[in-house]
Every structure is written in C-alpha cells, then in structure tokens.
Amino acid sequence: MRGAMSAEPKDLRESFTFLSISSSHLIFMRMFSYLPLKGKSFSHPLSRLLQLWNHFAVFGFNAMWQGYGIRMIQRGDVEVDFLCEDIITIGFTIRYIVMRIKREQLCRLVESCEKLWDLLEDGEAVFVRKFERKGYYFRTFILCNALLMAGSYSIAAPFVRLPPLEANGTERKILPFRFFMDVQEEPAYSIVFVLQSIALQFLDFMMVMTETISLYLIMMACGYLRSVRNRLLNLKGSDSDPSEKGEAALKAVVGCAHFHQQIMIYCEDLSKMTETLFLISCFCPIYNVSVTCLVILNTEEDNLKFVPLMLYNFFQFFLCQWAPEHLTVESDNIAEAAYFASLQPQAPSHREKINRILYYMMMRAQKPVQLTAGGFAPLSIKTFGAMTKNAFSFFMVLRNFKN
C-alpha cells in the first residue's frame, strides 16, 4: 500500500485539494443550476437568470422533438429511431426535473463530501483522486462522443437533400436535428440551422453532466472508503508496546471508526438522492435496447444503423451498474481490513478497546452499501449481466420462433 502511495511524487500528492480535483464537476453543476453560483444563493438575480436560460434550453429541446413526433403521427409514419431518441429526451427531462427538485439535497451532499476530505490524512488524497479520475474519464468519453455526434450531424446536414414532394418539385433541405416544422425558405432555414447547432452542443454538456453527477459523488465515496481500508491495513503494534503507543493506536482506530461512520452517513444520503435517478437511467436504456433489438431482428434492410444506438444504450446501462458496484466492493472491503487489523498485536492496556471498535466496524461493514434503482432493484455488475442475459435469451426465442 505504501508503495502505491510513493508512486506519486510527494509535492504532487500534497498539491491535491478538494477544489483542485472537483473543480470541473462543480463548475458544470453550477452552470446548470444544480448548485448555486459560488458565493451566491439560488435566489440571487444572476442565479435566477441562469436558471431561466436552462429551463428555456430544456423546453426548446423538448419542443423540437415532441413537435416532430406530432408531425410524424399526423403523417401516419412510425420512425423507430425517433422513438428511441425521444425516450432519451424524455429520460433526460425527467432527470433534469428530479435534480431541480433535489438540488438542496445535492448541495448538502457536496458539502458533506468536502467535509470528508478534511478527515483525510497526509498522502491519502491520492487514493480519492484515482477514483475521481475514473469518473472524470468516463464523463469525458461520453461528452466527447456526444459532441462528435452532434457536430457530425451539423456538418453533414447541408450536403443531404430529400426527394421533392411533387414530381417536378425541388429537392428539400434538412436540418441537422428534429424540428417541429418543415423549414425550407431562407433566411429561416439558416437561422434555425445555426440555433440548432449551438443549442444542441450546450444541451450535450447538460445531458452528460446530469447523467454523471451521481458518478462523481459515488467515486468520491469509493476513494474515502479506500483511505479507511488502507489505514486499517497499515495499523501495526506489538505486545510489548508501552501505554503511550497503545494510546496512539487507540486514537488511530477511533479516527478510522469516526471517518467510516461519516462515510456511511454520506452514502445513506447518496442512496436516497440517486434511487429515482437510477430508476430512470436504467429503464430508458434497457427499453431502447429492447426496441432496437426487435427492429434488428425483424428488419432486413437498414438494420445496421440501429447497432450504434443499441451499443450506446448498452454502455449507458452498464455505467449505471459499474459505479454502484465499485461502492459496494469498497464498503465490503472494510470488514476484511478491520478483521486483519484486529489480529495485529497491540499494547495490552488498549487491546480490548481497540478490538471492540474494530468488531463494531466489521459488523457494520457486513452490510455493504448497495445503491438501488427506485429502491427495489440492486445495482451491480451481476444485475447487469443477469438482465443482459435474459434480454438476449428472450430475443433468441423470438428469432427461433420467427424462423
């Protein structure tokens, strides 16, 4: 464990602060009004102006997609790719509303997360940062893909033309994204084109941040739990230790127990805040996977265009299970670390007190943190594998029945 710590230069380890590793997450949360602006409240005029812009962006985003859906119904068409995109739109909107309702709770969670940082000892910040970086890289990967996809639509749209509605008519221009009306005339087309291109880039940031807020909070909790585990594993003593060393060992164990207790309180609050978000985040991707698989199964032409959409939703569903799995594993590891710490020889004057505290830590860690979707579906890699297996078994039955 000490070797892992020494892998980072000492001056780099000491430069880590809560704000230095959390700045990008906090900036995005403030930008989208999930947290108040720095030094201001939610009721501040500047905060209200930013909230109004975010509401307008989400409303406009929904107006474009839902308006296009109404036009589609009026034409009597059924576009499966639109249905999948609309599920993503509705899922994001619901998560946005839930986060707006729970933003006071989010503020308290971020404050608790910062207070936990103050309980770290020298050299432990590197462990928290390693877990935070995992969430950061996942977020960056999703954001880059979303921006790349939106940019490719904007670049390709001017070069694509639809056939005319009449025999001798002119080819029709298309917009990069869904819109509630058919715009062909200039300058209306150019204005809508530019507005869509700018707005969708901003909304990509909003959608990705809304989806990964829980990821950041979970990975920070994992880093704190790893710090507690390493403290326990590094606890050493001897039967011949004097009373002063026994007192120091007792103080270290009490510090571990207090740190662990605060992390568990933080995780309980985190579980309450995220259970609705995870329910939506799990339902929407698995629904889209079901729809795309059925289309690929039943359609012989142009079915390959649904494969990227299916893979994207699989990745989104996997991400919902991956982070909670990490949290469960790290919280479960505390029991093993406390057990091995209890086997270390300690000063006779404090051995009983130390082992009693470690025993209570082991008992608490026997029930690891388990995040859920809606309070009833446990989130883990095992759940992901089981649901994926059942889904593919179902589609194989349908395929065999069709054949």
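These numbers come from the heavy atoms of this one structure, side chains and all, not from hydrogens, waters or symmetry mates.
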Show me the side-chain donor-acceptor pairs of residues 356-365 shorter than 3.5 Å, one per line, residues at least two apart or across chains.
unit_1	atom_1	unit_2	atom_2	d
Arg356	NH2	Glu352	OE2	3.2
Arg364	NH1	Lys367	O	2.9

Non-hydrogen side-chain atoms of [X] and [Y] separated by less than 4.5 Å:
{"X": "Tyr153", "Y": "Ser197", "result": "no"}
{"X": "Asp77", "Y": "Arg71", "result": "no"}
{"X": "Phe61", "Y": "Phe202", "result": "no"}
{"X": "Glu171", "Y": "Leu162", "result": "no"}
{"X": "Leu26", "Y": "Leu19", "result": "yes"}
{"X": "Cys282", "Y": "Gln321", "result": "yes"}
{"X": "Leu116", "Y": "Phe259", "result": "yes"}
{"X": "Phe92", "Y": "Met206", "result": "yes"}

Apply side chain to side chain contact (heavy atoms under 4.5 Å, CB included) to the pair Leu175 and Tyr189, showing each step before the final yes or no.
CA-CA 8 Å; Leu175 291 167; Tyr189 174 83; 3.6 Å; yes
Kindly give the heavy-atom pair with the smallest separation between [X] and [Y], and that separation in Å.
{"X": "Cys256", "Y": "Arg231", "answer": "SG-CB, 3.5 Å"}
{"X": "Leu235", "Y": "Ala252", "answer": "CD1-CB, 4.4 Å"}
{"X": "His350", "Y": "Ser243", "answer": "CE1-O, 3.6 Å"}
{"X": "Pro378", "Y": "Thr383", "answer": "O-OG1, 2.9 Å"}
{"X": "Phe16", "Y": "Ala125", "answer": "CB-CB, 3.9 Å"}
{"X": "Gly67", "Y": "Phe180", "answer": "CA-CB, 3.5 Å"}

Can you list every pair that meets side-chain hydrogen bond (donor to acceptor under 3.5 Å, both in side chains) and has a residue in residues 138-147, with sequence neighbours left out?
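Checked against side-chain hydrogen bond (donor to acceptor under 3.5 Å, both in side chains) - neighbours excluded - the pairs reaching residues 138-147 are Ser24-Arg139, His25-Arg139.
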Once side-chain hydrogen bond (donor to acceptor under 3.5 Å, both in side chains) is applied, what residue pairs with a partner in residues 330-343 remain, sequence neighbours excluded?
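Sorted pair list: Arg226-Glu330.
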Please lay out, stage by stage, how Cys284 and Ile280 fare under the test side chain to side chain contact (heavy atoms under 4.5 Å, CB included).
CA-CA 6 Å; Cys284 293; Ile280 302 162; 4.0 Å; yes
Taking [Y]'s backbone N and O only, do any of them form a donor-acceptor pair with [X]'s side chain (distance below 3.5 Å, no angle check)?
{"X": "Glu275", "Y": "Thr372", "value": "no"}
{"X": "Thr328", "Y": "Val369", "value": "yes"}
{"X": "Glu325", "Y": "Ser380", "value": "no"}
{"X": "Arg178", "Y": "Met64", "value": "no"}
{"X": "Thr89", "Y": "Glu85", "value": "yes"}
{"X": "Gln196", "Y": "Phe177", "value": "yes"}
{"X": "Ser281", "Y": "Leu277", "value": "yes"}
{"X": "Thr212", "Y": "Leu215", "value": "no"}

Which distance, rounded to the nearest 0.5 Å, do you find between the [atom1] of [X] and the [atom2] of [Y]?
{"X": "Lys40", "Y": "Ser43", "atom1": "NZ", "atom2": "OG", "result": "12.0 Å"}
{"X": "Trp117", "Y": "Glu124", "atom1": "CH2", "atom2": "CD", "result": "10.5 Å"}
{"X": "Met181", "Y": "Tyr68", "atom1": "CE", "atom2": "OH", "result": "14.5 Å"}
{"X": "Glu211", "Y": "Arg95", "atom1": "CD", "atom2": "CZ", "result": "5.0 Å"}
{"X": "His326", "Y": "Leu225", "atom1": "NE2", "atom2": "CG", "result": "12.5 Å"}
{"X": "Arg30", "Y": "Ser23", "atom1": "CZ", "atom2": "OG", "result": "9.5 Å"}

Got more than 12 heavy atoms from elsewhere within 6.0 Å of [atom1], [X]?
{"X": "Lys102", "atom1": "NZ", "value": "yes"}
{"X": "Glu268", "atom1": "CD", "value": "no"}
{"X": "Phe82", "atom1": "CZ", "value": "yes"}

Salt bridge (Lys or Arg N to Asp or Glu O under 4.0 Å) between Lys173 and Glu186: does it pass, once the steps are laid out?
CA-CA 11 Å; Lys173 295 178 287 187; Glu186 292 289 354; 3.3 Å; yes
Might you work through the side chain to side chain contact (heavy atoms under 4.5 Å, CB included) test for Lys272 and Gln105, ending with a clear yes or no?
CA-CA 10 Å; Lys272 293 176 183 177; Gln105 193 174 352; 4.0 Å; yes
With sequence neighbours excluded, residues passing ring-ring contact (aromatic ring centres under 6.0 Å, His included) with Tyr136
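Residues passing ring-ring contact (aromatic ring centres under 6.0 Å, His included) with Tyr136: none at all.
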Looking at Leu270, Leu35, Asp269, which one forms a side-chain contact (heavy atoms from CB on, under 4.5 Å) with Leu106?
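Considering Leu270, Leu35, Asp269, a side-chain contact (heavy atoms from CB on, under 4.5 Å) with Leu106 is found only for Leu35.
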Quick check: [Y] with [X] (ring centres under 6.0 Å apart)?
{"X": "Phe28", "Y": "Phe205", "answer": "yes"}
{"X": "Phe318", "Y": "Phe384", "answer": "yes"}
{"X": "Trp322", "Y": "Phe138", "answer": "yes"}
{"X": "Phe278", "Y": "Phe283", "answer": "no"}

Just checking, any donor-acceptor pair under 3.5 angstrom between side chains of Tyr216 and Ser22?
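Yes.
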With under 30° as parallel and over 60° as perpendicular, where do the rings of Phe141 and Phe315 fit, or are they tilted in between?
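Plane angle over 60°, so perpendicular.
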I want to check a possible cation-pi pair here: Arg229 against Phe340, using under 6.0 Å from ring centre and within 45° of the ring axis as the test.
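Output no; distance or angle outside limits.
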Side chain to side chain contact (heavy atoms under 4.5 Å, CB included), that's the test. Do Met149 and Leu147 meet it? Break it down for me.
CA-CA 5 Å; Met149 184 178 298; Leu147 293 175; over 6 Å; no
Among residues at least two apart in sequence or on other chains, which ones pass side chain to side chain donor-acceptor pair (under 3.5 Å) with Asp86?
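By the side chain to side chain donor-acceptor pair (under 3.5 Å) rule, Asp86 matches Gln66.
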For residues 50-59, which side-chain N or O atoms pair as donor and acceptor with protein atoms under 3.5 Å away, sequence neighbours left out?
unit_1	atom_1	unit_2	atom_2	d
Gln51	OE1	Arg100	NH2	3.2
Gln51	NE2	Phe42	O	3.0
Gln51	NE2	Ser47	O	3.4
Asn54	ND2	Met31	O	3.3
Asn54	ND2	Ser33	OG	3.0
Asn54	ND2	Leu50	O	3.1
His55	ND1	Tyr96	OH	2.9
His55	NE2	Arg100	NH2	3.4

